[in-house]
Amino acid sequence: MIKLIHLYKFLLTTLSLILIAGYSSAQIKQQGVIPQPYQFERNGGSFTFSAATGITIGPGIKTGNLIFFNRYFKSLAGYQLKVKNKGNINLKIDSSKVADPEGYELVVTSKQINICGHDKAGVFYGLQSLIQLLRSSDGKITVESCTIQDHPRFAYRGMLLDVSRHFFAAEDIKKWIDMLALYKINTFHWHLTDDQGWRIEIKKYPLLQSISAYRDETIIGHKRDSPHLFDGKRYGGYYTQEDVKAIVKYATDRHITIIPEIEMPGHALAALAAYPQLGCTGGPYKTATYWGIFDEVYCAGNDETFTFLQNVLDEVLPLFPSKYIHIGGDECPKTKWKTCPKCQKRIKDEHLKDEHELQSYFVGRMEKYLNSKGRQIIGWDEILEGGLTPGATVMSWTGEEGGIAAAKQHHNAIMTPEKYVYLDYYQSLYPGEPITAGGYTPLSKVYNYEPLTNQLSGDEARYIKGVQANAWSEYMPSSARAERQLFPRMLALAEVAWSAKENKDYDGFLKRLRYEQPMLKKLNINAAITFDEITDNVSETAGHQVSLSLSTTLPGGKIFYTTDGSAPGLGSKVYNKALTITQSGTIKAAVFGNGKIAGRVYEKSFAIHKGIGKTVTLANQPQGAYNPGNTFGLVNGLFGSKLYNDGQWYGFNGNDLDAVVDLGSVQKISRVGINILKYHWQKMWEPTLLTFELSTDGENYTEVYRQTEFDANGINTVKADINPTQARFVRVRGTNKGIIPPGEYIAGAKAWLLVDEIVIK
């Protein structure tokens, strides 16, 4: 989280030209405005600007609205428009004419431009749309005549940036706020504290600045690697309260609310490093140097913990005028609480059932304190456990279930499921992508996300207040890397949040997005423009074979491919229908436009064997992100990657693998195999026992192979040559590690067993 661009303050002066193509008449889905307006009509003709063009500002409109437009306009025209009593551009507020909050009407004729907003924000957003419609040609600045009626679908349109794992300068934050404003995202969720760093000045607790804001070193590579490697360099930083005030004002002037997040009761290691008495053991603690979840959390049985957090909030609240304060509430291990005398006494004194109710007590106590200060809490969906007061809002990240549950209980909810809107995930499966947290959220997946699930009734759906994309910064060590993750997916999020569902159209979005690319480049935005590359779909044919379909969104683009592993070119085969894969080998393909290759070369290797397309029966169903929804992926000839984000891996959380492949007839079998993924730092454990068994009747099985050792940190490929045996059924069983043992990462949690491709030869 995934274009949001105008760096008004210091990059605007570098912008010299934006070419935005015209749009077909009677089309809502015109090119050039993101997010897609509610209604658009082309009127014919155009308005031409000149040095004599003036702007008339109606009552109640902040001059800041005009400053943004004029800075941008001057970068195109070389001159600035002046405010006049009777100008050609008229800005006004009229809530009777524009009924929806933040809504606006933009009318362009050959003589004048009128922007009418429901409120100040509406006028501001009308100007943002006008900015995108400006055209520069032959020294003239024009806007085609049109009428836009527009308003947001959701009141909450958010973007989270984590500054704890990696710290970004105040000027970078302002730059990204400008981007949010241009694309009508109205909430900036600022994740300020975590295990790896405390980023906001709290004057009452100076050690938060000198100790908690810094870590001794930072992990190199991915957290899943073993052993961990470190750079040996002290890292950190924090925002002074003066920095925060300036950033909040900067955002407010752009109609953006900043919601701060102060994590509790988990993700507290940085704070404990400075004030160890707030932890269950008293330390010593150190600010975390690698990513993950840590057992060291705030002590819920210690009243000093609550005094500390209340004092912190007493300094935070005056800096942020937002109604809501985010308190985190996620990923809080209970390991230390279970053995802490103070926490156990709290459980007894408060008549709580267990440590889960203790977390509810913690959240509820802090919620009451914030309520006493006139504020409401937002927390991640784990805060639902134990119940909430009516004013609390749930941010649903582990999936949509938390948001659905909150809405059914008549709590407001923000949808931000990691599967769809986490921008720290990979946006392409091409090899060579910069390292990210994991997962796979391509542009199309972000764009097609629908926040209102059909599991909610009409009355319940009104509690879904909006949608948010999240950018966690573990693998974003610089502003350039952050921008590569944010763009262009953040523009897709903007359209999900603002545009009417019936107006959304991915192909139309891509057309408009192409006209944003020159703007991105001129503004030096390090965007990952990958949407015209090849995407694929691997499926099963009627004859139980593997079918490979290829596609590209490049207009007029043609796909050329090879089957011998050679590089594709204009002399290669032209792709025009799905390919049936009948033999092992590598498919390479490339899309060409105007005689030139566009994007990167696509590559996929297949390993064909006796089990391809055969029926697979599972005793236990895969779970979570590792449930492709069918069993074909276990016998499709594809091997999952070490990034485990390609949909090929099947995961069993605490459960065993028990799979039977029916070959359909008795055949001679001389080799069996499977892939096992082992990353203890990702809770992915090898089976304690893996066995293969063969049968002719599906009832009586004979074991032919067993394995108990899996040494590789990553993919363990099992290839077992056996005595040639006649069989129809192949059974593979893997015993799950079960509960992760003490001393290991996330001890006490259920282990994942990840497997892929049952090979039979």
Side-chain angles (χ1 to χ4, degrees), residues 6 23 26-30 32-43 47 53-70 72-73 81 83-134 143-158 180-187 251-257 462 465-467 494-504 512:
H6 283 94
Y23 31 75
Q27 262 194 329
I28 289 179
K29 303 172 183 64
Q30 89 291 353
V33 176
I34 296 175
Q36 173 64 51
Y38 182 72
Q39 287 185 332
F40 175 88
E41 182 181 356
R42 181 184 179 186
N43 298 328
F47 177 91
T53 302
I55 302 178
T56 301
I57 300 176
I61 297 175
K62 288 186 176 181
T63 56
N65 288 345
L66 181 57
I67 290 173
F68 303 147
F69 175 81
N70 247 333
Y72 184 86
F73 184 86
L81 301 180
V83 175
K84 298 182 178 180
N85 290 331
K86 291 185 178 180
N88 310 82
I89 303 175
N90 300 293
L91 311 179
K92 70 175 182 178
I93 296 172
D94 188 345
S95 59
S96 64
K97 185 175 184 179
V98 179
D100 297 283
E102 300 181 286
Y104 67 91
E105 178 187 71
L106 169 62
V107 180
V108 180
T109 69
S110 60
K111 300 294 185 182
Q112 61 183 11
I113 298 173
N114 295 321
I115 296 177
C116 179
H118 173 90
D119 44 29
K120 289 179 284 188
V123 174
F124 180 81
Y125 291 137
L127 282 167
Q128 307 315 299
S129 292
L130 179 60
I131 284 172
Q132 292 189 58
L133 291 171
L134 293 174
V143 177
E144 292 202 52
S145 298
C146 63
T147 300
I148 294 177
Q149 304 280 350
D150 202 10
H151 62 268
R153 181 185 183 193
F154 292 105
Y156 185 106
R157 307 179 299 280
L180 298 179
L182 178 64
Y183 294 96
K184 306 180 178 73
I185 294 176
N186 66 356
T187 306
T252 302
D253 288 345
R254 289 149 181 79
H255 300 279
I256 291 174
T257 297
R462 67 188 179 91
K465 296 302 180 182
V467 61
E495 196 137 310
V496 172
W498 178 279
S499 301
K501 181 179 179 180
E502 60 270 22
N503 285 350
K504 287 183 61 186
R512 286 176 282 122

Original post:
Rounded to the nearest 0.5 Å, how far does CG of D94 lie from CG of D119?
Top reply: 11.5 Å
Subject >> NE2 on H118 to OG on S96, rounded to 0.5 Å >> reply: 10.0 Å
**OP:** Please determine if K504 and E495 form a salt bridge, counting it only when a charged side-chain N lies under 4.0 Å from a carboxylate O.
**Re:** no
Original post:
Where is the tightest heavy-atom contact between S110 and S145, given as atom of each residue plus distance?
Top reply: N-OG, 3.7 Å
**OP:** Considering non-hydrogen atoms only, spot the tightest contact between V33 and R512 and give its length.
**Re:** O-NH1, 2.9 Å
Original post:
With a 4.5 Å heavy-atom cut-off, do I61 and I93 have their side chains touching?
Top reply: yes
Original post:
So which of L91, N90, V98, V123 actually passes side-chain contact (heavy atoms from CB on, under 4.5 Å) with C116?
Top reply: V98
**OP:** Please report the shortest heavy-atom distance between I185 and I256, naming the atom on each side.
**Re:** O-CG1, 3.5 Å
Original post:
So, for E102 and A155, which heavy atoms are closest and what is the spacing to 0.1 Å?
Top reply: OE1-O, 4.1 Å
Original post:
What are the two closest heavy atoms between P37 and I148, and how far apart are they?
Top reply: CB-CG2, 3.6 Å
Original post:
Counting only N and O atoms by type, is there a donor-acceptor contact under 3.5 Å from the side chain of K111 to the main-chain atoms of V108?
Top reply: no
Subject >> Heavy-atom pair of closest approach, residues L106 and S129 >> reply: CD2-CB, 4.5 Å
Original post:
Roughly how far apart are D100 CG and S95 OG, rounded to 0.5 Å?
Top reply: 11.0 Å
**OP:** Taking the side chain as every heavy atom from C-beta outward, state whether T53 and F47 have any atom pair closer than 4.5 Å.
**Re:** yes
Subject >> Neighbour count above 12 (heavy atom, 6.0 Å) for K120 NZ >> reply: no
**OP:** Please confirm whether the backbone N or O of Y38 pairs with a side-chain atom of N503, one donor and one acceptor, at under 3.5 Å?
**Re:** yes
Original post:
Can you tell me how far CD1 of I115 sits from CZ of F69, rounded to the nearest 0.5 angstrom?
Top reply: 7.5 Å
Original post:
So how far is it from K97 NZ to E105 CD, rounded to the nearest 0.5 Å?
Top reply: 4.0 Å
**OP:** Evaluate the side chain to side chain contact (heavy atoms under 4.5 Å, CB included) criterion for residues I113 and N88: first the C-alpha distance (whole Å), next the side-chain angles of each, then the deciding distance (0.1 Å), finally the verdict.
**Re:** CA-CA 6 Å; I113 298 173; N88 310 82; over 6 Å; no
**OP:** Measure up the Y125 and W498 rings against each other and bin them: parallel (under 30°), tilted (30 to 60°), perpendicular (over 60°).
**Re:** perpendicular
Original post:
Quick check: does any side chain N or O of D150 sit under 3.5 Å from a backbone N or O of Y104, one acting as donor and the other as acceptor?
Top reply: no
Original post:
NE2/H255 to NZ/K184 distance, rounded to the nearest 0.5 angstrom?
Top reply: 12.5 Å
